[in-house]
Amino acid sequence: MTDVFVDSFVYSLGERKIHVNETAAAGRLISSAQDLESAGFRWHHVCEPGTTAYDLAKAVTGELADSDRLGDVDAIVYATCLPLNGNAGDPREWERTRDVKYLMDFPASRLQADFGLHNAVVIGLNQQACTAMLGSVRLAQAMLQVERDWNRVLCVTADRFPEGAKYEQAYNLISDGAAACVVSRQPAAFRLVTVHQITNGGLGQAGDDETVGSYFAYTHRLVRETLERAGLTAADLDWVVTQNTNDKAWQILARLLGVGFEKVFFSSMPDVGHVISADNMVNLAELLATGQVCPGQRIALIMAGFGLNWQCVILEATEAVATAAARD
Amino acid sequence: MRGTTLITGADGYLGRRLTAALLADGDDDLILAVRAKDNAELTAKQDRLARQLGQDAVGRTRVTAADLSLDDALLDIDTRAITRIVHAAAVTRFNVERDIAQRVNVDGTVRLRAFAARCDNLQRLAMLSTLYAAGRRRGDIHEERFDDAGFVNHYEWSKWAAEDHVLDAVGDLPVSVLRLPTLIADDDSGQVTQYNAFHNTLKLFYYGLLSLLPGDGTTPLSLATATFTTSAVTRLLDPAIAGGIYHICPDPADTATLDQLIDIAFTVFERDAGFRRRGLIRPLPCDQESFEDLLDAADLLRGGPIHQSLSSVSPFAHQLYLPKTFRNDALRAAWPGYAAPDPIALAETTCIRLIESKWGRRTQETP
Ligand SMILES: NC(=O)c1ccc[n+]([C@@H]2O[C@H](COP(=O)([O-])OP(=O)(O)OC[C@H]3O[C@@H](n4cnc5c(N)ncnc54)[C@H](OP(=O)(O)O)[C@@H]3O)[C@@H](O)[C@H]2O)c1
């Protein structure tokens, strides 16, 4: 197996930063603002009406391009949580013309063209919900193993909720946002140790309470199986970078997994809420920025999402991590 | 000689079963004391009891209103006629508020004891209590008077405090304290009429709303049916049997542990196609601190079913971290050859019935 590396974690958020109280007052939550605040949420980011999910994807890809980190990409894996964000076309055109091509205006193709990534093929991933970013890293790794002449895969995830949507899912305060990273054969800040996924389609239409209810047993199983796959134990993890969800959830899971809570990192939660499938990238970028990640350390990125899906990626920091931290 | 038995809480789950058993097996007249806030409620309760008890009750029962939280409760009852009292009235919710538990379960028992003291012909004052009057004790729990070991909810505290008042009268009154286990089914068929923390916990697991298992898996859980309990209580009401404290529960050797019960419950659940499709995995044992955190977190899931169901489960869940073995030597001596239901078989049939009835949604049950 060829080693595969990951770095260049960037993200972008909806332009309007709104306090949970304001969103509650606007009737765009299901829980009370007080309950969400008690769970650890404060602010979230919402796109202006004219901003699309694709605009967010462009923003993160642009950031990579501007900082010379995009490079010559062989494939783009473009992940969305909401399948409707996998179409950049105007639904009104479809309504007007009844021509389905307006339902197939693929943002991945746009991205390829807009950034001149002419050698890249595109792959859309839209049925893994919030776990799709981790899923795209897995897909990128698998493709790099198989496609001997490929070197770099750009993974992008971008979602914005449709106008009028409640900005809450399964008791989490949602932000519109995008994230990107590059998976490559060339040594970079992190070596990809393993990726693991569990899907339980039987809970595909789970209600919020069932999603919360199954969270602990499944996340525990996910981490246990991921560690087994990598031949590691919980003690081998230096950091656990989670999704932004009720802050008690990881106090419980850390105890059950035997991981010290001080290793659990989700610092962005009060400021950004649950950025759909970008949470791990946002938190990892913040962790890197603290300068605490040292070469040799192992980081688990963990995410649960609709479908129901659970995914975990384990990364190992290389000597390049310090440079990446300074640059990112 | 034909006597008169007063039953408080006579229209409750056990009260009406005890009434039926005493009508079937004895010849006492029965005074059925029920809580009723006005005549309309009293009439409704009278009618319901008449329907439930049938012909046996005609001429042998009288229903009377007695709210034991009030000073004037039981005033209209002729104390000379009373030969036995079965005190089944209580607020039995595990999440009962402290003041209500005090008013009904403790002060109500004190009132009943005062009433009993005026009954010159009294042969037995039997208070139905709970094994969990033991509170936070661990280990072997004998059929003896408890001191205050702390409690995990106001319900068990109030039952202990009520016991304490009744046991103060030993020597003056023919007292029995009958500590009951958790009743999970009406009888060996597994039919459930009264739902409690046992059923509500399983419901959370079955519907995928909980994937953490509070408690120490080795904790024995003393479970029984209403039929078994009713037989034991009627037996212990016999004046020939000495008063005192009895644990009405299966032998320690015939008591299943939390782990065994979860195993049988999931074995039954996993036979159900709907459950299998949902791919729910067995719950993860969790320590008490984690369970407390879960309860805190669930507090924020207001309005959702998790919050609602956990609030009925949580007041009892703490007991699952306090393993205790209830000894029943006195019961065995008083009732040689008694047979408690096999706990695993009972849990299995009960789980089957719970799934069939969707935890009562599919049954038209007589309240
Ligand atoms: N069932 C069990 O698993 C179990 C286990 C251990 C111990 N026990 C004990 O066994 C006894 C009977 O339990 P159960 O299962 O039959 O409970 P239940 O069905 O809740 O019956 C309790 C009865 O007490 C009555 N009551 C409540 N407040 C009253 C008041 N202020 N004055 C007079 N009556 C009042 C209730 O009337 P309303 O409903 O009209 O209020 C009801 O008839 C209780 O003492 C309980 O602590 C039961």
Side-chain angles (χ1 to χ4, degrees), chain A residues 20 29-41 168-173 198-225 245-259 261 264 304 307-310, chain B residues 200-217 262-263 265-266 269-270 272-314 317 321 359:
Chain A
V20 63
L29 295 178
I30 300 161
S31 300
S32 70
Q34 191 198 350
D35 283 350
L36 287 173
E37 275 204 272
S38 304
F41 295 105
E168 181 181 339
Q169 268 296 306
Y171 302 102
N172 295 312
L173 177 68
I198 301 173
T199 300
N200 177 3
L203 289 178
Q205 278 301 299
D208 286 351
D209 281 49
E210 287 169 284
T211 306
V212 172
S214 57
Y215 182 75
F216 294 100
Y218 265 102
T219 307
H220 187 273
R221 179 180 148 194
L222 171 78
V223 178
R224 194 171 32 78
E225 289 179 359
T245 191
N246 187 315
D247 53 16
K248 280 273 187 290
W250 266 96
Q251 284 177 31
I252 298 171
L253 272 168
R255 229 178 272 125
L256 298 178
L257 287 164
V259 174
F261 189 59
V264 180
L308 292 184
N309 286 291
W310 294 265
Chain B
N200 292 337
T201 307
L202 292 180
K203 186 178 182 179
L204 284 167
F205 288 138
Y206 180 81
Y207 287 106
L209 300 175
L210 180 65
S211 61
L212 293 181
L213 174 65
D216 170 345
I262 289 297
D263 182 54
F266 273 80
F269 292 175
E270 285 155 7
D272 177 60
F275 183 83
R276 278 202 310 276
R277 180 179 158 81
R278 282 178 289 132
L280 297 167
I281 49 184
R282 292 185 177 213
L284 205 58
C286 79
D287 56 39
Q288 196 157 5
E289 211 180 347
S290 298
F291 191 66
E292 293 293 340
D293 281 341
L294 178 73
L295 294 178
D296 276 359
D299 225 26
L300 308 177
L301 313 183
R302 279 173 242 225
I306 291 189
H307 179 257
Q308 211 183 339
S309 311
L310 264 184
S311 65
S312 77
V313 166
S314 60
Y321 295 100
W359 273 256

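Convention: sequence-line order gives letters A, B, ...; per-chain numbering from 1.
- Put simply, of B/Arg276, B/Arg277, B/Glu289, the one with the most heavy-atom pairs under 4.5 Å next to chain A is B/Glu289.
- Of the inter-residue distances, the one linking B/Asp287 atom CG with A/Ile252 atom CD1 reads 9.5 Å to the nearest 0.5 angstrom.
- The two residues A/Gly213 and B/Ser211 come nearest to each other via the heavy atoms O-OG, 2.7 Å.
- Looking at B/Arg282, only its backbone comes within 4.5 Å of chain A, counting heavy atoms on both sides.
- Residues satisfying the salt bridge (charged side-chain N to carboxylate O under 4.0 Å, His left out) test with A/Arg221, not counting sequence neighbours, are A/Glu225.
- Listed by first then second residue, pairs satisfying salt bridge (Lys or Arg N to Asp or Glu O under 4.0 Å) with a partner in residues 31-41 of chain A read A/Asp35-B/Arg302, A/Glu37-A/Arg42, not counting sequence neighbours.
- In this structure, CG on A/Leu256 lies 4.5 Å from OG on B/Ser290, to the nearest 0.5 angstrom.
- Contact of B/Glu292 with chain A is not made at all, since no heavy-atom distance falls under 4.5 Å.
- One finds the CD1 atom of A/Ile198 at 7.0 Å from the CD1 atom of B/Ile281 (value rounded to the nearest 0.5 Å).
- For A/Tyr218, the parts sitting under 4.5 Å from any heavy atom of chain B are the backbone and the side chain alike.
- In this structure, A/Asp208 CG and B/Leu209 CG are separated by 11.5 Å, a value rounded to the nearest 0.5 Å.
- For the pair B/Asp293 (side chain) and A/Ala249 (backbone), a donor-acceptor distance under 3.5 Å is absent.
- Shown here for B/Leu294 and A/Phe216, the closest heavy-atom pair between the two residues is CD1-CE1, 3.6 Å.
- Atom NZ in A/Lys248 sits 5.0 Å away from atom CG in B/Asp296 (nearest 0.5 Å).
- With a 4.5 angstrom heavy-atom cutoff, B/Leu212 touches chain A only via side-chain atoms.
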